[in-house]
Structures are given as C-alpha cells and as structure tokens.
Amino acid sequence: AGDLLDRRFVLTTPRDLRLRDDGESVVVSANRKTYKFKSAARPLLIFLNSRQPATVDQLVNLSGGLDAKTVKAFVGELLSQGLITAVRDE
C-alpha cells in the first residue's frame, strides 16, 4: 500500500454504492454489507459511484477539504474492504 499515491482506483462492486446520511456519518450499503464513514467522505463516495478511475490526489481535490493523509487512509480502508481496486493505466 506504499504506492497508493501512484495508483488509480475504481469501484469494484457490481452495483452502485447505496448512500444514506445518518447525522455525522454516511452509511454505505454494498455487497450485502454496511459501512459507516464520516460525512466528509460523501463527495468521494458519490464520485466512486461514477466508476471513473481516480488517483489519491484527484480524490483529495474532489473531497472539498480533506487532506491527503485522510484520503489515503480512506482509500486504504475501501481497498481492504474490497470496494475499490487499483487499475493500471493503459
């Protein structure tokens, strides 16, 4: 996971993520599981639903104020849960 900054990531779920706001959090349903993230992650989750690949830097820019460390940790969590995967540039 040391190369996270050099990779592009894309959603891997067969269906779009279902997002529901829950006060301070956004609840995500995917692959018959439920995940809870801080509300600040919502713009990133909406973008990932577009199924366009993005780098950590691009996700930082889309986040509306999250820092690179936070976005990198978020990407790492999504990777570990199997919700996104790294793709190679063609």
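Quick caveat: nothing in here was measured; it's all calculated off a predicted structure. Both backbone and side-chain heavy atoms feed into the values below; hydrogens, waters and symmetry mates do not.
A pairwise comparison of heavy atoms in Pro53 and Gln58 identifies O-OE1, 4.2 Å as the closest pair. Closest heavy-atom contact between Val56 and Ala68: CG1-O, 4.4 Å. Here the shortest heavy-atom pairing between Thr55 and Arg8 reads CG2-CG, 3.5 Å.
Taking CG of Leu62 as the start and CG of Asp57 as the end, the distance is 11.0 Å to the nearest 0.5 Å. Distance CG/Leu48 to CG/Leu83: 9.0 Å, rounded to 0.5 Å. Atoms CD and CG, on Glu24 and Asp22 in that order, are 9.5 Å from each other to the nearest 0.5 Å. Phe9 CZ to Leu79 CG: the interatomic distance, rounded to the nearest 0.5 Å, is 5.0 Å. Arg18 CZ to Leu45 CG: the interatomic distance, rounded to the nearest 0.5 Å, is 13.5 Å. Atoms CZ and CZ, on Arg15 and Arg32 in that order, are 8.0 Å from each other to the nearest 0.5 Å.
At distances below 3.5 Å, at least one donor-acceptor pair connects side-chain atoms of Thr12 with backbone N or O atoms of Gly82.
Val28 has its side chain out of reach of Thr34: every pair of non-hydrogen atoms, C-beta onward, lies at least 4.5 Å apart.
With respect to Leu44, the side chain to side chain contact (heavy atoms under 4.5 Å, CB included) criterion is satisfied by exactly one of Leu66, Val75, Leu78: Leu66.
Listed by first then second residue, pairs satisfying ring-ring contact (aromatic ring centres under 6.0 Å, His included) with a partner in residues 33-81 read Phe37-Phe74, not counting sequence neighbours. Under the ring-ring contact (aromatic ring centres under 6.0 Å, His included) criterion, no residue pair touches residues 48-70, with sequence neighbours excluded. The side chain to side chain donor-acceptor pair (under 3.5 Å) pairs that include a residue from residues 37-49 are Asp21-Arg42, where partners are two or more places apart or lie in different chains.
Under a hydrophobic-cluster definition in which Ile, Leu, Val, Met, Phe, Trp and Tyr are linked whenever side-chain heavy atoms come within less than 4.5 Å, directly or via other members, Val27 and Ile46 are assigned to different clusters.
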Trace of the side-chain contact (heavy atoms from CB on, under 4.5 Å) decision for Arg51 with Asp16: CA-CA 9 Å; Arg51 301 190 181 271; Asp16 285 354; 3.3 Å; yes
